[in-house]
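Because only heavy atoms are used, hydrogens play no part in the values below, and waters and symmetry mates are left out as well, while side chains stay in.
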Amino acid sequence: MQQTESEKKYALIIGANGGIGKEVVKQLSDQPKFETIFTLSRSAATFTQTASTQVVHKVMDTGDEAAVKSFIDELKDQGIKLSLVICTTGILHQEAVSADGTDVVKLKPEKRLEDLHERQLTEYFRVNSILPAIWLQNLVNVVDKQGAKIVFFSARVGSISENALGGWYGYRASKAALNMLVKTAAIEYKRRAPQTSLICYHPGTVDTDLSKPFQANVKPGKLFTPEFTVNQLLSICHDLSPEASPFYLDWKGEIIPW
């Protein structure tokens with residue numbers, strides 16, 4: 001039976017070319033409930049598209065405020081309402097071009113106070129905190145008022161109350177900032193889009209480029225495949241009620257203290 005316009009479901013994947021992002025696209029494509037999956041990344045699509053679900057990929061800087069607003073305006077003009085948004089973007093280590101494009105910032109988790117420097121902290125917050133904030137600001141205008149879920153990949157080390165080890169200043173602080181942005185935005189979403197659930201998700205240590213330098217220290221059985229962590233996420237999301245939003249959950253669906 002053909003779906004009516006109001007029954008069609010639309011999803012958006014931000015950071016679709018990463019190890020986890022590609023797996024999200026794959027698993028959502030296998031779910032016939034989605035009419036279209038919109039995917040965004042800074043480069044051309046590298047994932048495999050299925051015939052069952054339409055995947056529309058757009059190359060854009062997902063942290064560019066003007067580009068994000070323009071994209072959201074396009075969705076509004078088409079009358080598209082999103083029932084699922086998953087943002088997989090994040091940064092822990094790498095050589096990154098600075099926000100103004102004039103310098104290369106080498107990112108590496110800090111072990112002590114002497115390792116802190118402004119450029120690295122700025123890059124952590126730009127990717128891990130400011131980018132999600134821009135999306136939170138704009139997505140409220142295109143979520144499905146009958147029910148929507150917005151997921152941001154956070155990290156357990158972003159928990160302020162659970163921090164007993166120290167170190168990793170910039171990564172911890174930027175993820176803690178992300179958590180606070182989501183928690184604060186949830187208050188406004190309850191007024192403007194009350195059927196929306198906001199989720200900060202800790203995927204565990206996943207076998208992707210983000211975790212490669214640290215995989216030697218991972219306990220046996222705790223290095224997860226992208227397939228596993230995405231499957232866990234989608235299963236957890238299915239049972240979440242917007243009345244209890246926002247959520248800060250790990251890959252087992254267990255609550256992490258803010």
Side-chain angles (χ1 to χ4, degrees), residues 9 11-34 37-41 45-53 55 57 62 82-94 109 127-128 132 148-159 162 165 168 171-172 174-175 178-179 182 197-241 244-257:
K9 300 294 183 184
L12 169 64
I13 313 305
I14 304 163
N17 267 349
I20 293 177
K22 286 188 283 190
E23 182 61 31
V24 173
V25 176
K26 178 179 180 297
Q27 292 194 29
L28 289 184
S29 295
D30 292 335
Q31 298 186 12
K33 68 179 180 180
F34 289 105
I37 300 171
F38 297 94
T39 60
L40 304 174
S41 70
T46 59
F47 46 81
T48 302
Q49 302 184 22
T50 68
S52 58
T53 303
V55 177
H57 185 70
T62 56
L82 300 170
S83 59
L84 177 63
V85 179
I86 299 179
C87 179
T88 70
T89 59
I91 194 168
L92 173 57
H93 66 89
Q94 70 181 55
V127 178
N128 293 340
K149 294 178 174 66
I150 303 176
V151 180
F152 293 97
F153 272 62
S154 185
R156 185 180 295 277
V157 297
S159 169
E162 278 200 357
L165 297 176
W168 290 36
Y171 187 72
R172 284 184 185 276
S174 62
K175 289 298 186 179
L178 164 62
N179 293 345
V182 170
S197 296
L198 299 184
I199 303 123
C200 293
Y201 178 62
H202 167 61
T205 303
V206 186
D207 188 10
T208 63
D209 290 341
L210 185 105
S211 70
K212 283 198 183 303
F214 314 100
Q215 291 180 5
N217 299 320
V218 179
K219 295 178 181 179
K222 294 297 185 180
L223 180 61
F224 304 135
T225 63
E227 179 182 10
F228 173 80
T229 197
V230 171
N231 185 69
Q232 290 294 106
L233 170 61
L234 297 181
S235 177
I236 290 166
C237 282
H238 184 268
D239 298 324
L240 298 181
S241 170
S245 176
F247 302 91
Y248 184 18
L249 304 171
D250 69 8
W251 56 273
K252 292 179 288 186
E254 295 182 354
I255 296 172
I256 303 172

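- Contact of the Ile255 side chain with the Leu249 side chain is registered, since non-hydrogen atoms from C-beta on lie closer than 4.5 Å.
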Verdict with reasoning, Leu233 to Ile20, per side-chain contact (heavy atoms from CB on, under 4.5 Å) | CA-CA 11 Å; Leu233 170 61; Ile20 293 177; over 6 Å; no
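- Residue Ile37 holds its CD1 atom at 12.0 Å from NZ of Lys26, rounded to the nearest 0.5 Å.
- One N or O on the side chain of Thr88 and one on the backbone of Ile14 form a donor-acceptor pair closer than 3.5 Å.
- With rounding to the nearest 0.5 angstrom, the CD atom of Glu162 is 10.0 Å from the CZ atom of Arg172.
- Legend: residues meeting ring pair (Phe, Tyr, Trp, His ring centres under 6.0 Å) with Tyr248, ordered by chain and number and at least two apart, are Trp258.
- Closest heavy-atom contact between Ser197 and Ile199: O-CD1, 3.8 Å.
- For the pair Lys22 and Asn17, the tightest heavy-atom approach, listed with the atom from each and the gap, is CE-O, 3.5 Å.
- Looking at Lys175, its side chain does come within 3.5 Å of a backbone N or O of Phe153 through a donor-acceptor pair.
- Taking all atoms of both residues into account, the shortest heavy-atom contact from Asn128 to Gly90 is OD1-CA, 3.2 Å.
- Shown here for Gly158 and Asn179, the closest heavy-atom pair between the two residues is O-ND2, 3.6 Å.
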Which is it for Ile150 and Leu82 under the side-chain contact (heavy atoms from CB on, under 4.5 Å) test, yes or no, and what are the steps along the way?
-> CA-CA 9 Å; Ile150 303 176; Leu82 300 170; over 6 Å; no
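- No donor-acceptor pair closer than 3.5 Å links the side chain of Thr39 to the backbone N or O of Ile13.
- Across Cys87 and Phe152, no two heavy atoms sit closer than the pair CB-CD2, 3.6 Å.
- Between Glu23 atom CD and Leu234 atom CG the span is 9.0 Å, to the nearest 0.5 Å.
- Across all their heavy atoms, Ser245 and Leu198 have their closest contact at OG-N, 2.9 Å.
- Side-chain atoms of Leu28 and Leu84, non-hydrogen and from C-beta on, do get closer than 4.5 Å to each other.
- Scored by the side chain to side chain donor-acceptor pair (under 3.5 Å) test, Ser235 finds no partners at all (sequence neighbours excluded).
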Which atom pairs, one a donor and one an acceptor, fall under 3.5 Å between side chains of residues 223-232 and the rest of the protein, sequence neighbours left out?
{"residue": "Thr225", "atom": "OG1", "partner": "Phe228", "partner atom": "N", "Å": "3.1"}
{"residue": "Thr229", "atom": "OG1", "partner": "Tyr201", "partner atom": "OH", "Å": "3.2"}
{"residue": "Thr229", "atom": "OG1", "partner": "Pro203", "partner atom": "O", "Å": "3.0"}
{"residue": "Gln232", "atom": "NE2", "partner": "Trp251", "partner atom": "O", "Å": "2.8"}

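- Here the NZ-NZ distance, from Lys33 to Lys9, works out to 7.5 Å after rounding to the nearest 0.5 Å.
- Taking the side chain as every heavy atom from C-beta outward, Ser41 and His57 approach each other to under 4.5 Å.
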